[in-house]
Amino acid sequence: MFGAEWCRDCRRTKAQLDGLGIEYTYVDLEQDPSAADVAKDISGRTNIPVVLYPDGSHHVEPANSDVESKLRELSLI
């Protein structure tokens, strides 16, 4: 997951993943500004969060229901 602490959607998605007990890597774009280019290459957009899934798909600014649906599809929850 690519995000920043100032981003409300990022905090919400991060809290959802934590609450579900999902293991993930959090890339803080404030700590690593060059990672913003990686997130943009993945999504084609500059919006965050960018959630990258193990199957190579991604969501940009996803609703909790979108994240949950994808995690179920991947049998991660």
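All values below come from the heavy atoms of this structure, side chains included, with hydrogens, waters and symmetry mates left out.
Although no hydrogens or angles enter the test, the distance criterion places a donor-acceptor pair under 3.5 Å between the side chain of Arg11 and the main chain of Glu5.
Closest approach of Pro54 and Leu76 over heavy atoms only: CG-CD1, 4.1 Å. The two residues His58 and Ile42 come nearest to each other via the heavy atoms CE1-O, 3.4 Å. For the pair Glu30 and Ala4, the tightest heavy-atom approach, listed with the atom from each and the gap, is CG-CB, 4.1 Å. Val60 approaches Ser43 most closely through the heavy-atom pair CG2-CB, 3.4 Å. Taking both residues in full, the closest heavy atoms of Thr13 and Pro49 are given as OG1-CG, 3.9 Å, listed atom of the first, atom of the second, then distance.
With a 4.5 Å cut-off on side-chain heavy atoms, His59 and Tyr53 count as touching. Residues Gln16 and Ile22 fail the side-chain proximity criterion, which asks for heavy atoms closer than 4.5 Å. Under the 4.5 Å side-chain criterion, counting only non-hydrogen atoms from C-beta, Leu71 is in contact with Val67.
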| query | So Glu68 and Asn64, side chain to side chain contact (heavy atoms under 4.5 Å, CB included) or not? Walk me through it. | reply | CA-CA 6 Å; Glu68 184 175 340; Asn64 284 4; over 6 Å; no

| said: Go through it in stages, so that I can follow the logic: the residues are Val51 and Tyr24, the test is side chain to side chain contact (heavy atoms under 4.5 Å, CB included), and I'd like the CA-CA distance, side-chain angles, deciding distance and then a yes or no. | reply: CA-CA 10 Å; Val51 181; Tyr24 64 97; over 6 Å; no

| From CA spacing to verdict: side chain to side chain contact (heavy atoms under 4.5 Å, CB included), Cys10, Met1 | CA-CA 9 Å; Cys10 298; Met1 176 182 158; 4.0 Å; yes

| message | Show, in sequence, the C-alpha distance, side-chain angles and deciding distance for Glu61 and Ile48, and conclude whether the side chain to side chain contact (heavy atoms under 4.5 Å, CB included) test is met. | response | CA-CA 6 Å; Glu61 295 183 307; Ile48 54 175; over 6 Å; no

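One finds no salt bridge joining Lys40 and Asp37 here, because no Lys/Arg side-chain nitrogen approaches an Asp/Glu carboxylate oxygen to under 4.0 Å.
With values rounded to the nearest 0.5 angstrom, Ser57 atom OG is found 6.0 Å from Leu74 atom CG. Interatomic distance, CG of Leu20 versus CZ of Arg72, reported as 8.0 Å (0.5 Å rounding).
Note: the hydrophobic cluster containing Tyr26 does not contain Phe2 (ILVMFWY, side chain heavy atoms under 4.5 Å, direct or indirect links).
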